[in-house]
Protein chains: 4
Amino acid sequence: MSEENQMLNLLIENQDGVTEKQKKILEAAVEIFSEKGYAASSTSEIAKKAGVAEGTIFRHYKTKKDLLFSIVAPTMTKLIAPFIIRDLNKVLDKDYEEFEDFLRAIIANRQAFAKENTNMIKILVQEIPFHPELKEQFTKNIALKVFERLKEVVVHYQKNGQIIELPPESVVRMLGSTIIGYLLARHIMAPEADWNDEKEIENMISFILNGIKK
Amino acid sequence: MSEENQMLNLLIENQDGVTEKQKKILEAAVEIFSEKGYAASSTSEIAKKAGVAEGTIFRHYKTKKDLLFSIVAPTMTKLIAPFIIRDLNKVLDKDYEEFEDFLRAIIANRQAFAKENTNMIKILVQEIPFHPELKEQFTKNIALKVFERLKEVVVHYQKNGQIIELPPESVVRMLGSTIIGYLLARHIMAPEADWNDEKEIENMISFILNGIKK
Amino acid sequence: MSEENQMLNLLIENQDGVTEKQKKILEAAVEIFSEKGYAASSTSEIAKKAGVAEGTIFRHYKTKKDLLFSIVAPTMTKLIAPFIIRDLNKVLDKDYEEFEDFLRAIIANRQAFAKENTNMIKILVQEIPFHPELKEQFTKNIALKVFERLKEVVVHYQKNGQIIELPPESVVRMLGSTIIGYLLARHIMAPEADWNDEKEIENMISFILNGIKK
Amino acid sequence: MSEENQMLNLLIENQDGVTEKQKKILEAAVEIFSEKGYAASSTSEIAKKAGVAEGTIFRHYKTKKDLLFSIVAPTMTKLIAPFIIRDLNKVLDKDYEEFEDFLRAIIANRQAFAKENTNMIKILVQEIPFHPELKEQFTKNIALKVFERLKEVVVHYQKNGQIIELPPESVVRMLGSTIIGYLLARHIMAPEADWNDEKEIENMISFILNGIKK
DNA sequence: AATGAATGAGATTTCATTCAT
DNA sequence: AATGAATGAAATCTCATTCAT
């Protein structure tokens, strides 16, 4: 389980004074929230799975919503966005000569991320639409920041003549759709199907670069 | 409101013996489910919005889950899939000479669908992951059927030399990702942003056909 | 029990659409609140004593506080104040020639009231200090109105030379202290002691009129 | 604050081995109990206000009720009653010639007491009715003793012809009502109103002595 | 068919109290 | 002595569902 929850582990390590029980609570909550959705999960079930008394949950998190937010919010603000930015910086710094190499790198990177954070991603995807506070944080801390950075990347490769001169926002959106679409199908919607990742990714890169016109 | 719920209206018309109250219940349920999610919606709120007594809901639908299913299931089995298939048939029958025209037609068609069924789509997207029965129906009745039909279309255009010789499954998936990604962003995630649909769609078509390589 | 809760009965009769169960709930609540105080009373105990399910309480009163307020607030605004005013009006209209007769009448009247509303008075006395909303209502609807009216009475008897020329506010306060002090001791603090009401009241009247100086 | 809690300070000084923390706990408890009532106060809130850990309270007081009683009981048995008796003795010893002077002295004395012990008085008044043990102590240690002593005083002044020949119990009760009624209004019920103490007291004395008959 | 009061199981939350450190 | 994490019993409250009218 622990390998499957990279973000959660970082989240726990990142705070100090987290007791063993608290850790168990967070782990149980992530598992149950991701499986049933926040609203359909009961604190008593979380307590049971965590092996603590129900009261213990509320000693650490004032309300059930608090528990959700203390999982989701720092994951967005402290973990996801910074990591993505950092990775994009690496990419820009190393200055992949070829856009194709950049593409391959970023897909591999996101693929690894999705694999290691399936549950957390499920929670984000499911709960953000229902909690305006989360939606706002998501927009401000992830969507906009990552979008901006990716636009810079695109402009960079447009300048050195490797990418077509479409509006960079559109390019980013289509890039995003394609990659995220694949990752959702691969890890969230049909993880049990048997996928030939390598080939799928090669096809995807070729699609992105050349389209499907003969 | 009624214009925004094309599927719901068809759903209602398609059954006979649907009373006025039942209609109100379904309308209220769709609205509330899509706004808060199934698990966080209460039957009493639905009753209030529908202007009926709490008991009336249970006269028509044995359980709350029944209510959800009687909205979602027939929408999938009787409405969405057949419509898509029918539209795809139209496309094949009319034999759009150019794949680009086909693409343009199908995007316009799905765009119209998304616009007219925002709430229903939200419910589907949110609830399918949590209800295996729905997931199965979705897979069997929509995903597979549509996928199959689209594959035929792709093969058709591959045969007449307009589409590249990638595995048709991959082509369909990438086509799907790109189009669905756009529609979700456009109608579900950020419907309030001001979009220049025409231009976005042109860019998308050009991306699908030619990729982004210069 | 019913005879001991005149105000409660009026309260119930005064509203329409009060079900049998609701009546039982109000009766049980008044009894338990007056015995243990609001904060120390549990809704489950009230439900048990009322012979209803706990949920039934919350169907009629959104919160426990709501239950308290729906007992206390209308008692103050609709029952106590109007009744006192009405009685004082009777007094003024009948124009008791002698202040002493007025005094005797009002004491008898308040004595009867206290006897018939012990529980309700206990609740008022105990809870008003802890709930600003109630305190405000009490001040506005009872204290001030009754005070004003009593002042008029005092002025009336001052004018016709039966009462000394002290500031009427002070006279009213001292009158009030004496009478309320007696009633609280008699009905709330030591109701089980054996009281010779007639004699006590005569002494009190004589005290009020002549003081204790020989 | 410390000046406002004379009894509390005496209470603390009167016991030995009272640690600094214990003192803080008692101070916090008095403040919170008087503000919200015993039943509505939580030990955790008291701990927070006292600046100690939650467990620390229970190191010194076995239960929450213990905490209440260790504030209220000794205040009644060791402090209030002895003080009143002592003051009354002073009065008798000094042999105020005039009953009026005695009255003035005792009112001033009680006024000072009320001013310096508002919170403690609030707690007594609120909690005694709900705790039979406290009620009994109050009756035995305060009510009866003080009552007895006051009766002696009254008899004394009746003998030397300054007080009317009513039953001394009634005289004491009416004296008590009048004075306590004023003090409660003045310090507990409407402390924020602006009072002209001197004048009020003069009126009260004149009322007690001469009644309100012209 | 429709109502809406009533139910009771279960959800969230509070809180006095215990106990290992 | 002091801490504060942990407990679990009980409190408040919610809600799908039933049923008499």
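None of the values given here were measured: they were computed from a predicted structure. Numbers restart at 1 for each chain; the letters A, B, ... are given by sequence-line order, proteins then strands.
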Notebook entry, point to check: For the pair made of CD1 in B:I25 and C1' in E:dG4, what is the distance, rounded to whole Å?
Noted result: 14 Å
Checklist line | Heavy-atom side-chain proximity of A:E45 to A:K48 below 4.5 angstrom | finding: no
Note to self: If you compare all heavy atoms of C:Y61 against all heavy atoms of C:S70, which two are closest, and at what distance to 0.1 Å?
What the structure shows: CE2-OG, 3.1 Å
Notebook entry, point to check: Can you give one letter per nucleotide of nucleotides 12-18 of chain F, going 5' to 3': B for a protein heavy atom under 4.0 Å from the base, S for sugar-phosphate only, - for none?
Noted result: BBB-BBB
Notebook entry, point to check: Taking NZ from A:K48 and C1' from F:dT7, how many angstroms apart are they, rounded to a whole number?
Noted result: 17 Å
Item checked: First of C:K21 and B:V52 reached from the 5' end of DNA chain E, by closest nucleotide -> B:V52
Notebook entry, point to check: To the nearest Å, how far apart are C:K24 NZ and E:dA6 C1'?
Noted result: 15 Å
Next item on the list: Round to the nearest Å and state the distance from B:I57 atom CD1 to E:dA5 atom C1'.
Entry: 16 Å
Check: Just how far, in rounded Å, is C1' of F:dA1 from OH of D:Y61?
Finding: 14 Å
Note to self: I want to check something: taking the side chain as every heavy atom from C-beta on, are C:T19 and C:H60 in contact at a cut-off of under 4.5 Å?
What the structure shows: yes
Next item on the list: Could you state the atom-to-atom distance from NZ of D:K23 to C1' of F:dA1 in whole Å?
Entry: 18 Å
Margin query: Show every ring-ring contact (aromatic ring centres under 6.0 Å, His included) that has at least one partner inside residues 17-36 of chain C, sequence neighbours left out.
Written below: C:F33-C:Y38
Checklist line | Secondary-structure string, 5' to 3', Watson-Crick or G-U under 3.5 Å, | for another-strand partners, for DNA chain F | finding: .||||||||||||||||||||
